[in-house]
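Letters A, B, ... mirror the listed sequences (proteins, then strands); counts begin at 1.
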Amino acid sequence: MKLMAIPKAPKSRLFFLGEDPVRLLKLAADSNNLNVGKQIHAHLVVTNKVSSHNNVAQTTSVINLYGKCGRVSVARHLFDSMPKRNVVSWGALMAGYLREGLALEVLVLFKSMVSVDNMRPNEFVLTTVVSSCSSCGRVEEGKQCHGYVLKSGLEFHQHVKNALVHMYSKCSDVKGAMRVFSTVPGYDVFSYNSVLDGLVEHGHQKEAMEVLSLMVGEGVAWDSVTFVNIFGLSSCLRNLRLGLQVHCRMLKTNIEYDAYVYSTIMDMYGKCGKLAYAVRFFKCLQTHSVVSWTTIMAANFQNGYFEEALNLFVKMRLEDISPNEYTFAVLLNSSASLSVLRHGALIHACAEKLGFKDHVIVGNALINMYAKSGNIEAAYEAFSDMIHRDIVTWNVMISGYSHHGLGKEALNVFQDMLTAGDHPNYITFVAVLSACAHLGLVQQGFYYVNQLMKQYCVEPGVEHFTCIVGLLSRAGLLDEAESYMRSVSIKWDSIAWRTLLNACFLHRNYGLGRRVAEIVMQMDHNDAGTYLLLSNMYAKARRWDGVVKIRKLMRERNIKKEPGVSWVEIKDTAHVFVSEDKSHPESRQIYEKVAELLVKIKLLGYAPDITAVLHDVEDEQKEDYLSYHSEKLAIAYSLMKTPSEAPIRVIKNLRMCDDCHTAVKLISKLTNRVIIVRDANRFHHFKDGYCSCADYW
DNA sequence: CTAGGGTTAG
């Protein structure tokens, strides 16, 4: 091996001769100057001072240096070679591990410190150990540390106290946090920040507001962390007024703000519906990071600008910024909202390649994306692949199955969730109850609302009661559903009444339907869907006068019927079809294909259902109107362009009409294809002449 | 010579 020439030492190397090495090591550590630190270390080694039996302080200083500069394994090596250590040596090493995120190792060290070395922890060590408990979520160990704190009388020490407050609030023991916070006098901005963060994170916004006013009352000066917490509180509450107030205060407070503050303020504006403010803020930033990019993408997503969120990713890549797990979550959720399966799968591949697929938020977003894009099998695959699951994981899987009409599968996952010992929440029960509705499990639905929800301390809300209305309706118990609505004393929203109205339509209960329609239209004047449902109901009953009345109302109230739009992805292109529209370049062939299909399924028993079309059109023309509904065009085109075994996925902006539903069932049988349609409410899986919604949607 | 709080997903 060739030896490298040893460079001549520059004069500056020896600048520290004659200085106190401990002091210099601290300077190097605090300024994160590993190079200078190493030189001092080398000097000590050469002059044989490190590891000599009498110089614990110097070795500890070196340990501190390596710990602070991210070389904890070097620090550990030195620590292990020390014949004698003091409490400061332990403290320095533990701090190094905590800095690296190796909190569990700190706890291990603490155990051997007190039980093997028989050393009493001081306020520094306890602060570090309690912080470690927070960062790895160990409440039990945290409580034991609290015992040590009390035993050593250190509960009045500001750092220790703050670490305890933070530990309890991070481990979702808000009561414990408040106890330490309020029983031990003397707060500084740190304790306020800790307790605020914990309260906000665990959904105790009311208490957070109280603590905030306490803090304001005491005149504690805010620092940038306080701003982060209070902006976070504003976004949680979707309270724009509070957010604006805090922004004003920020402009008037002359302290230094950092990227954390800038990201949360954008997040606040995004969540409070002020996307333009967030964007303006984003554009003013001199430098952009993954976090600021992801925040602005998320703000677009939250405000319905899904495509823009995806486009921003391209711009982010142009700035050469690498995505992280949050970025992928936003991208996947945006793809989900657009139902762009191919694009979503591409992002999936990208996330996998960059090693982000095992993050819970990415896994959750994958399940959501596949479920919303119509590929429920792939959603389940993503679900099965996950190493860590949280409440959202279970919720998206259960509600995914429910939306696809797969009630049995949904309830199985719910059972697995309970077996795994995870606690269902408000959202879980909405999904579970709608699964019960699909399966017609009336008794079970009532059991969940009346018993199981109590057991898990989940307060039933209007959405759960609406599920019960849906459950009764679906079982054909319309009068029971109505009297249930009148007997439960909550404020029903228009969604609940529309559920009942839809049931009246499906069960052709014209009398009740008219009454319910009155209520719905009073609550929501502008929903075209309600008017159409009602007019369809009149048409089914051949009450043409009713149809005319509704059309007139719609004209008077200037309610526009949204045109039916369907789209399919074929290769790299999304093909969009509007009812009756002939602008597609292959329009002629498509219309011919539809006509051919209709002729063939008529032989299987299809009869066009013309009642849904305006009564004043000639019957033959009515059939034409139905024939070229957008989903029929989209399906015909897919049949022309895709291999015979490929499933067809169609997305549609409105609810499917009766006629198309019947036709597509028969087309699936005729062509032996799986056809999946995502309409405005749910998924329909057509196969062998049947649909997963069991003709109730 | 060792110690405390914060950003982006649903």
Quiz item: Quick one: which of A:Gln58, A:His41, A:His43 gives a side chain to side chain contact (heavy atoms under 4.5 Å, CB included) with A:Pro21?
Solution: A:Gln58

Quiz prompt | Interatomic distance, A:Leu25 CG vs B:dT2 C1' [rounded to whole Å] | solution = 14 Å

Practice problem: Starting from the C-alpha separation in whole Å, work towards a yes-or-no answer on ring-ring contact (aromatic ring centres under 6.0 Å, His included) for A:Tyr192 and A:Phe181. | Solution: CA-CA 8 Å; A:Tyr192 272 111; A:Phe181 179 74; 5.4 Å; yes

Quiz item: Reckon A:Asn425 touches a base, only the sugar-phosphate, or nothing at all at heavy-atom distances under 4.0 Å?
Solution: nothing

Quiz item: Which parts of residues 143-151 of chain A get close to DNA chain B, meaning a heavy atom less than 4.0 angstrom away?
Solution: none

Self-check item: Sugar-phosphate, base or nothing in reach of A:Asn368, heavy atoms under 4.0 Å
Solution: nothing

Self-check item: Value in whole Å for how far the C1' atom of B:dA3 lies from CZ of A:Phe190
Solution: 11 Å

Quiz item: Between B:dA9, B:dA3, B:dT2, which nucleotide gets closest to the side-chain atoms of A:Asn122?
Solution: B:dT2

Quiz item: If you look at every strand shown and take non-hydrogen atoms under 4.0 Å, does A:Ala365 touch a base, only sugar-phosphate, or nothing?
Solution: nothing

Practice problem: Pick base, sugar-phosphate or nothing for A:Ala163, based on heavy-atom distances below 4.0 Å to the nucleic acid. | Solution: nothing

Quiz item: Rounded to whole angstroms, how far apart are CZ on A:Phe227 and P on B:dT7?
Solution: 16 Å

Practice problem: Tell me what A:Val291 touches on the nucleic acid: a base, only sugar-phosphate, or nothing, going by heavy atoms under 4.0 Å. | Solution: base

Quiz item: Counting any heavy atom closer than 4.0 Å, what does A:Ser263 reach on the DNA or RNA strands: base, sugar-phosphate only, or nothing?
Solution: base

Exercise. Mark this stacking check for A:Tyr326 against B:dA9 as yes or no, applying ring centres under 5.5 Å and ring planes under 30°.
Key: no

Exercise. Kindly state whether the ring of A:Tyr326 and the ring of A:His359 have centres lying under 6.0 angstrom apart.
Key: no

Self-check item: Short side-chain N/O contact to B:dA3 OP1/OP2 from A:Lys161, under 4.0 Å
Solution: no

Exercise. Starting at atom CG of A:Leu27, determine the distance to atom P of B:dC1, rounded to an integer number of angstrom.
Key: 10 Å

Quiz item: In terms of heavy-atom contacts, does CD of A:Glu307 have more than 12 from other residues, nucleotides or ligands at under 6.0 Å?
Solution: no

Practice problem: Would you mind reading off the distance between A:Glu123 atom CD and B:dC1 atom P, rounded to a whole angstrom? | Solution: 14 Å

Quiz item: Can you tell me how far C1' of B:dT8 sits from CG of A:Asp197, to the nearest Å?
Solution: 15 Å

Practice problem: Strictly below 4.0 Å, heavy-atom distances to any atom of DNA chain B: list the hits from residues 300-323 of chain A, or just say none. | Solution: A:Phe301, A:Gln302

Quiz item: Between A:His359 (NE2) and B:dA9 (P), how many Å, whole number?
Solution: 15 Å

Quiz prompt | Within 45° cone and under 6.0 Å: A:Arg76 NZ/CZ vs A:Tyr97 ring | solution = no

Practice problem: Determine: side-chain N/O of A:Asn229 to OP1/OP2 of B:dG6, distance under 4.0 Å, yes or no. | Solution: no

Quiz item: Above 12 or not: heavy atoms from other molecules or residues under 6.0 Å from CZ of A:Arg179?
Solution: no

Quiz item: Distance check: side-chain N/O of A:Lys271 vs OP1/OP2 of B:dT7, anything under 4.0 Å?
Solution: no

Self-check item: Closest listed nucleotide, where the reference is the side chain of A:Val22 and the choices are B:dG6, B:dC1, B:dA9
Solution: B:dC1

Quiz item: Which listed nucleotide (B:dA9, B:dG6, B:dT2) is nearest to the side chain of A:Val125?
Solution: B:dT2

Quiz item: Per the atom types in the model, does the base of B:dG6 pair as donor or acceptor with the side chain of A:Asp258 at under 3.5 Å?
Solution: yes

Practice problem: Identify whether any heavy atom of A:Arg85 sits under 4.0 Å from a base atom; if not, whether one sits that close to sugar-phosphate; answer base, sugar-phosphate or nothing. | Solution: nothing

Exercise. Measure the CG-NZ distance between A:Asp117 and A:Lys111 for me, rounded to the nearest 0.5 Å.
Key: 16.0 Å

Practice problem: Under 4.0 Å between any heavy atoms, over every strand shown, what does A:Val396 touch: base, sugar-phosphate, or nothing? Just pick one. | Solution: nothing

Quiz prompt | Test side chain to side chain contact (heavy atoms under 4.5 Å, CB included) applied to A:Met94 and A:Leu102, A:Leu107, A:Leu109, the passing residue | solution = A:Leu109

Exercise. Could you check how far CZ of A:Phe231 sits from P of B:dG6, rounded to whole Å?
Key: 18 Å

Quiz item: Within a radius of less than 6.0 Å around CD of A:Glu218, do more than 12 heavy atoms belonging to other residues, nucleotides or ligands occur?
Solution: yes

Quiz item: For A:Lys68, what residues pass the salt bridge (Lys or Arg N to Asp or Glu O under 4.0 Å) criterion, not counting sequence neighbours?
Solution: A:Asp30

Exercise. Determine the contact category for A:Val88: base if any of its heavy atoms lies under 4.0 Å from a base atom, sugar-phosphate if only primed atoms, P, OP1 or OP2 are that close, otherwise nothing.
Key: base

Quiz item: Under 4.0 angstrom, heavy atoms only, what part of the nucleic acid is A:Thr327 near: base, sugar-phosphate, or nothing?
Solution: nothing

Self-check item: Shortest non-hydrogen contact between A:Met268 and A:Ser234, atoms and distance
Solution: CG-CB, 3.8 Å

Exercise. For the side chain of A:Ala92, starting at C-beta, report the closest nucleotide among B:dT8, B:dA3, B:dT2.
Key: B:dT2

Quiz item: Counting any heavy atom closer than 4.0 Å, what does A:Asp188 reach on the DNA or RNA strands: base, sugar-phosphate only, or nothing?
Solution: base

Exercise. Tell me which nucleotide among B:dT8, B:dA9, B:dT2 gets nearest to the side chain of A:Asn324.
Key: B:dT8

Exercise. Look at all strands and tell whether A:Gln158 reaches a base, only sugar-phosphate, or nothing, counting heavy atoms closer than 4.0 Å.
Key: base

Quiz item: Side chain of A:Asn333: nearest nucleotide among B:dA9, B:dT7, B:dA3?
Solution: B:dA9

Exercise. Taking atom CZ of A:Arg317 as the centre, report whether more than 12 heavy atoms of other residues, nucleotides or ligands fall under 6.0 Å from it.
Key: yes

